[in-house]
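Side chains are part of it too, since the values below use all heavy atoms of this structure and drop only hydrogens, waters and symmetry mates.
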Amino acid sequence: MGAFLTLSTSAAVILLVIHGGLCVDIIGGNEVAPHSRPFMALIYGANRKFICGGALIKENWVLTAAHCDVEEGKVILGAHSQKAEESEKQFFQIAKQIRYPWYCSNSKENDIMLLQLDKRARLDKAVQLIPLPTSDDDPKPGTTCTVAGWGQTKNHVRQHSDTLREVNITVFSRQICNDKNHYKNNPVITDNMICAGAKNGGKDSCSGDSGGPLRCNNVMRGITAFGKPNKCGTVDGPGVYTRLTKRYLQWIRKTIGGA
């Protein structure tokens with residue numbers, strides 16, 4: 001996905017709304033069966049516009065990207081369509097927004113955040129938790145992973161998908177992502193990040209997908225973070241994801257504790 005969660009119309013608007021962060025959407029994917037990804041969260045800002053995705057990791061906690069500034073916003077669980085009235089939907093206010101303490105918007109490092117909901121979700125067929133990984137395995141280059149979201153489906157088209165879409169992407173080596181044909185070390189793709197897309201382009205996340213989970217072999221390994229503006233799905237602009245390292249997993253578990 002040519003980046004994203006995070007993601008809210010044009011890239012320029014997203015940059016303003018999310019304090020310089022780059023959001024992402026699904027490029028080259030397909031609509032999923034309704035409510036077949038019950039861990040997905042729709043996140044709206046205070047202006048009631050969709051800006052990011054997220055993953056439900058505890059009944060009252062959603063994991064997303066730090067650049068998704070939604071402190072006065074709301075979360076919808078159990079959604080397939082953004083617009084349709086669906087009986088499966090559950091609505092929540094955001095009680096607390098907790099960014100990782102060392103998040104840096106310039107370097108894109110530590111782009112991870114927890115949202116505490118104002119009440120606990122009711123778990124059912126349409127709303128389920130996504131398990132946190134038990135290890136911080138680093139997906140090897142060539143690994144096929146999956147990312148989902150309600151973001152843009154085409155570059156330069158200011159419209160997000162109404163329904164949840166998903167695409168398979170492939171992990172690239174950090175060396176390749178940092179070379180002159182990709183990010184040119186600006187920003188540097190570090191061990192805290194996963195770079196993934198398609199060798200020939202056409203598959204990526206994009207504006208609006210930020211914060212959604214990256215799953216590899218059905219295990220959550222990352223969070224949609226950023227990509228090149230207006231480069232979703234291009235050969236030189238693969239999406240970048242915050243990797244769930246041991247340090248991040250410890251912070252998550254300590255923060256959500258028994259709350």
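Remark: Arg174 pairs with Asp138, Asp191 by the salt bridge (Lys or Arg N to Asp or Glu O under 4.0 Å) rule, at least two apart or across chains. Residues meeting the salt bridge (Lys or Arg N to Asp or Glu O under 4.0 Å) test with Arg122, sequence neighbours left out: Asp124. For Asp162, the side-chain hydrogen bond (donor to acceptor under 3.5 Å, both in side chains) criterion is met by Ser81, not counting sequence neighbours. Taking the side chain to side chain contact (heavy atoms under 4.5 Å, CB included) definition, one finds that Ala79 meets it with Leu42, Ile76, Glu86, Lys89, Trp150, sequence neighbours left out. Qualifying side-chain hydrogen bond (donor to acceptor under 3.5 Å, both in side chains) partners for Gln90, counting only residues two or more places apart in sequence or in other chains: none. Residues meeting the side chain to side chain contact (heavy atoms under 4.5 Å, CB included) test with Pro38, sequence neighbours left out: Gln128. For Val219, the side chain to side chain contact (heavy atoms under 4.5 Å, CB included) partners at least two apart in sequence or on another chain are Pro133, Arg221. Legend: residues meeting side chain to side chain contact (heavy atoms under 4.5 Å, CB included) with Gln250, ordered by chain and number and at least two apart, are Lys246. Ser107 is linked by a side-chain hydrogen bond (donor to acceptor under 3.5 Å, both in side chains) to nothing, counting only residues two or more places apart in sequence or in another chain. Taking Tyr248 as the reference, Tyr100 meet the ring-ring contact (aromatic ring centres under 6.0 Å, His included) condition, with sequence neighbours excluded.
Thr245 contributes atom OG1, which lies 5.5 Å from atom CG of Asn192 (distance to the nearest 0.5 angstrom). In this structure, Cys52 SG and Ile223 CD1 are separated by 11.0 Å, a value rounded to the nearest 0.5 Å. Here the straight-line distance linking atom CZ of Arg215 with atom CZ of Arg37 works out to 5.5 Å at 0.5 Å rounding. Once rounded to the nearest 0.5 Å, the distance linking NZ of Lys119 with CG of Asn60 reads 12.0 Å. Here Gln82 contributes atom CD and Tyr44 contributes atom OH; the two are 4.0 Å apart, rounded to the nearest 0.5 Å. Expressed to the nearest 0.5 Å, how far NE2 of His80 lies from CD of Glu31 amounts to 3.5 Å.
Among residue pairs with one or both ends in residues 167-202, those qualifying as disulfide bond (SG atoms under 2.5 Å apart) are Cys177-Cys195; sequence neighbours excluded.
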Solution key, residues 141-149 side-chain donor-acceptor pairs under 3.5 Å, sequence neighbours excluded:
unit_1, atom_1, unit_2, atom_2, d
Thr143, OG1, Lys140, N, 3.4
Thr143, OG1, Lys140, O, 2.7
Thr146, OG1, Asn168, OD1, 2.9

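Remark: the backbone N or O of Ala66 is paired with a side-chain donor or acceptor of Asp111 at under 3.5 angstrom. A donor-acceptor pair under 3.5 Å is absent between the side-chain atoms of Lys184 and the main chain of Asn181, judged by distance alone. Judged by distance alone, with hydrogens and angles left aside, the side-chain atoms of Lys58 form no donor-acceptor pair with the main-chain N or O of Gln116 at under 3.5 Å. A donor-acceptor pair is defined here as one N or O able to donate and one able to accept, closer than 3.5 Å; such a pair exists between the side chain of Tyr183 and the backbone of Pro238. Side-chain N or O atoms of Arg243 include none that pairs as donor or acceptor with a backbone N or O of Thr190 at under 3.5 Å. The backbone N or O of Val188 lies less than 3.5 Å from no partner atom in the side chain of Asn178, so there is not a single donor-acceptor pair. Judged by distance alone, the side chain of Arg165 and the main-chain N or O of Gly29 form a donor-acceptor pair under 3.5 Å. A side-chain donor-acceptor contact under 3.5 Å links Asp118 to the backbone of Gln93.
No side-chain heavy atom of Thr170 sits under 4.5 Å from any side-chain heavy atom of Lys199. Side-chain contact between Leu63 and Phe39: absent, with no pair of heavy atoms (C-beta onward) separated by less than 4.5 Å. Looking at Ile194 and Pro139, their side chains come closer than 4.5 Å, going by heavy atoms from C-beta outward. Between Val70 and Val75, every side-chain heavy-atom pair lies at or beyond the 4.5 Å cut-off. The shortest distance between side-chain heavy atoms of Val171 and Tyr241 does not fall below 4.5 Å. By the 4.5 Å heavy-atom criterion applied to side chains, Met113 and Gln97 are counted as neighbours. Asn110 has its side chain within reach of Arg247: a pair of non-hydrogen atoms, C-beta onward, lies under 4.5 Å apart. By the 4.5 Å heavy-atom criterion applied to side chains, Leu123 and Leu56 are counted as neighbours.
Taking each heavy atom of Ala55 and Met220 in turn, the nearest pair found is CB-CE, 4.1 Å. Smallest separation of non-hydrogen atoms from Ile43 and Gly53: CD1-O, 3.4 Å. In plain terms, the two heavy atoms of Phe226 and Lys108 that are nearest each other are CE2-CB, 3.4 Å.
Cluster annotation: Ile189 and Ile176 are assigned to distinct hydrophobic clusters (Ile/Leu/Val/Met/Phe/Trp/Tyr, side-chain heavy-atom contacts under 4.5 Å, transitive). Residues Val167 and Phe172 do not share a hydrophobic cluster, clusters being chains of Ile/Leu/Val/Met/Phe/Trp/Tyr side chains in contact below 4.5 Å.
Between Arg99 and Asp69 a salt bridge is recorded (basic side-chain N to carboxylate O distance below 4.0 Å).
Under a cut-off of 6.0 angstrom, the local environment of CG in Asp179 is crowded, with over 12 non-hydrogen atoms contributed by other residues, nucleotides or ligands.
The only member of Val62, Ile57, Thr64 that meets side-chain contact (heavy atoms from CB on, under 4.5 Å) when paired with Leu114 is Ile57.
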